[in-house]
Each structure stands twice: as C-alpha cells, then as structure tokens.
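Computed from heavy atoms alone, side chains included, the values below leave out hydrogens, waters and symmetry copies. Reminder, nothing fancy here: chain letters follow the sequence lines and each chain counts from 1.
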2 protein chains.
Amino acid sequence: MAKERSYSSLIARLKAGGLRPTRQRLALARLLFEGGDRHLTAEQLHSEAEESAVRVSVATVYNTLHQFTKVGLLREVVVEPGRSYFDTNVDDHHHFYFEATGDLQDIPSDRLRVRELPEPPEGTRIERVDVVVRVRNLET
Amino acid sequence: MAKERSYSSLIARLKAGGLRPTRQRLALARLLFEGGDRHLTAEQLHSEAEESAVRVSVATVYNTLHQFTKVGLLREVVVEPGRSYFDTNVDDHHHFYFEATGDLQDIPSDRLRVRELPEPPEGTRIERVDVVVRVRNLET
DNA sequence: ATAATAGTTTGGAATTGTTCTAAACTATTG
DNA sequence: CAATAGTTTAGAACAATTCCAAACTATTAT
Ligand SMILES: [Mn+2]
Ligand SMILES: [Mn+2]
Ligand SMILES: [Zn+2]
Ligand SMILES: [Zn+2]
C-alpha cells in the first residue's frame, strides 16, 4: 500500500516535470527516492539497477539523472574531478566529503552558515553556494 | 632584472620542493607564476606553452601540475565534473564560478566566512573547506 | 481499437580529460 | 667525465560521459 502510494506519487512527480513515466524512469526513481537521502554516481545507480534485475542501459541512466536534475528531483554535486554525484536531497544544504572512501554526508544548512557573502560580480546573480568540507581519517 | 630575480626565485622554489629545475618546469612555472593569480586547466596551460613556443608534452604538463600541487605551489580546484583547475593562489580563499564561461574568480577569505562549522565526524579531521559561489549571467 | 506522433531507450561508437608505460634524455653527484 | 637518479615523451590505455541512429513505447487523435 505504501508502495502503491509512493508509486503514484512518483508518477505524478515525473508528469509534473513533463517526463513520461516509463518503466525505466519509474524503476530508477524508486531506487533513488525510496531509500532516504542518497548520493550516487551514475555507475552506482546502474549497478543497483542490475542487482534489482531492472534492465536499463547506461545511456538511459545518464539521461534520467540529468532529466531528473533539470526538473528539480535531483541535484548534482561535484567534489572530485572525473565523476559526478547526484543527490536526492534537493533542499539547501552542504556536504562532508570523505576523501578516503568517496562518500558524501549532508550538512543541513542550519548547521553551517555562510556569512558576509560578497555581492556577485556586475551582471550576474548567485545561482547556488556549495560548501564542501573535506575530511580525512585521523592518522593515529 | 626582475626577470632574473623571479627566475632564481622560481628555481629556489622548485629545489625547496625537491624538484629539479628543468627547462620544462621552469617554463611552466613562469607561465603560471609571472602573471598574478590564475586558475588554469591542464589543457589551457599546455596551449599557452605552445603559444609561447615552449615545447612540452601533455604528460609533462599533468606531471608538473600535480608535482607543484604536492609541494604547495598550486592548489587544485574542482568546480565541474570532467576537468580540474589549478590555482596559483594557495592562500585560504574561495571562488566565484561563472557557469557561462567556466572562469573562476577569487573571494578572499576575509570577504566570506563560514560560521558554525560542524564538528567533523568521529575519527576524521577537516582537511579543507571549499566554498564555490556559482553565478550566472543575469537574464535581461 | 488503431493509427499517427512525439518522446524514449538502446548498444555501440565516439569524445574528453587524464593516467600509464617504457624508452630516450638530462641534471646532479662523485 | 662517468654513473645515477630523476625527468620527459609519444602514444597507448583508461574512465566517465556523451552522441548516434535505429528500434521501441506512451500518448493523442481518429
Ligand atoms: Mn552533467
Ligand atoms: Mn589530480
Ligand atoms: Zn546532499
Ligand atoms: Zn583561487
């Protein structure tokens, strides 16, 4: 029942974004949104799909991640060159980045404030402020 | 004269980092450090070298950028997936990122403060805090 | 239902930025 | 002037991502 619920809410969210609720998009949406806040690479999501016996191509995983990002269901996080993470938490927040493992952890925006943000240069507006707190294992 | 000066100071800086002052490293160091604060990709630096008739391979540009970063002459900045910027300003500071052009502009750390930085997770220490203020052209 | 249309998916090729490799070269030291 | 260790290089290899054109599917119109 909860499953049906979230299913139709997912369909509604896709439609709201002008995206047809296809088999692939629904399957990926469930993997993404039915497990709380997540930070995934395209490759990780594709692996999860395979493990769940969802047949979907790599190209579609990329297409879907970008489409979801465009309609505000996801947010892209850049912390290291060479790969993008997609974040199911689209609220304003920041991140711890664990260099050792490549994991991301949310920092709610009320736990970290950026003060004295300077004026953006002439003719531009601020799109977003990203704070990445890079942490390393304490060497013993 | 100023040229000789900076030349020998560059040599000294390389030696301090345990790097031999080779023709290629000196040429790249001059391009990097004789023009104020800069934010360059490997490819941009390689193009500048070619334009200045400095013959140096792509592999050496990458090697050099990473070696300079390791010894503290440069700092790596990640703002978009797929390519790294190298920053000649190694002081503590943050960045405006112009999505339209891919340019970076420094924000001195006294112009932007991060407050209420949360405790790092158990067993880790904060390595660095990166703030990227993404700006876009004001649509008219 | 059916057909027409527009949107979607797909495998594989292509592209991009970066790293690797092993052979040739060069700075430093004795 | 060796001998040595460090450096450079072209090109191959690699990883992540994007592109492509053909096959497929959801939606809309009849
Ligand atoms: Mn992207
Ligand atoms: Mn690097
Ligand atoms: Zn997050
Ligand atoms: Zn900078």
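- The distance between atom CZ of A:Phe68 and atom P of C:dT8, rounded to the nearest whole Å, is 11 Å.
- Between the CG atom of A:Leu26 and the P atom of C:dT8 there is a distance of 12 Å, given to the nearest Å.
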Item checked: Summary of protein contacts for nucleotides 7-13 of chain D, nucleotide by nucleotide, where a base hit scores B, a sugar-phosphate-only hit scores S (4.0 Å, heavy atoms) -> SSBB---
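- Of the residues in residues 96-106 of chain B, not one comes within less than 4.0 Å of DNA chain C through any heavy atom.
- The pair B:Arg111-B:Asp106 does not count as a salt bridge, with every side-chain nitrogen at least 4.0 angstrom from each carboxylate oxygen.
- With sequence neighbours excluded, no residue satisfies ring-ring contact (aromatic ring centres under 6.0 Å, His included) with B:His94.
- Atom NE2 in B:His46 sits roughly 16 Å away from atom P in C:dT16 (whole-Å rounding).
- A:Arg75 places no side-chain N or O within 3.5 Å of a backbone atom of A:Asp92 that could act as its donor or acceptor partner.
- Taking the six-membered ring for Trp and thresholds of 30 and 60 degrees, B:His95 and B:His93 have ring planes more than 60 degrees apart, a perpendicular arrangement.
- For the pair A:Gln44 CD and D:dA15 C1', the computed distance is 14 Å after rounding to whole Å.
- At the phosphate of D:dT18, neither OP1 nor OP2 sits under 4.0 Å from any side-chain N or O atom of A:Tyr62.
- Screening A:Leu73, A:Thr41, A:Thr69 for a side-chain contact (heavy atoms from CB on, under 4.5 Å) involving A:Phe86 leaves a single residue, A:Thr69.
- With C:dG17, D:dT17, D:dA16 as the choices, the nucleotide that has an atom nearest any side-chain atom of A:Ser84 turns out to be D:dT17.
- With sequence neighbours excluded, no residue satisfies side chain to side chain donor-acceptor pair (under 3.5 Å) with B:Arg13.
- A donor-acceptor pair shorter than 3.5 Å cannot be found between the side chains of A:His39 and A:Asn89.
- As rounded to whole Å, 11 Å separates atom P of D:dA26 from atom CD1 of A:Ile11.
- Between A:His66 and D:dT17 there is no side-chain polar atom (N or O) within less than 4.0 angstrom of OP1 or OP2.
- Distance NZ (B:Lys15) to P (D:dG6): 16 Å, rounded to an integer number of Å.
- Hydrophobic cluster membership for B:Leu104: B:Val77, B:Val79, B:Tyr85, B:Tyr97, B:Val132 (Ile, Leu, Val, Met, Phe, Trp, Tyr linked by side-chain heavy atoms under 4.5 Å, directly or transitively).
- Rounded to an integer number of Å, the gap from B:Glu80 CD to D:dT17 P is 13 Å.
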Check residues 46-55 of chain A and write down every donor-acceptor pair under 3.5 Å in which the side-chain atom is one partner and the other belongs to a residue at least two apart or another chain.
residue : atom : partner : partner atom : Å
A:His46 : NE2  : A:Val56 : O            : 3.0
A:Ser47 : OG   : A:Glu43 : O            : 3.1
A:Glu48 : OE1  : A:Arg38 : NH1          : 3.1
A:Glu48 : OE2  : A:Arg38 : NH1          : 3.3
A:Glu48 : OE2  : A:Arg38 : NH2          : 2.6
A:Ser52 : OG   : A:Glu48 : O            : 2.8

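- Separating the CG atom of A:Leu14 from the C1' atom of C:dT9 is a distance of 15 Å, rounded to the nearest angstrom.
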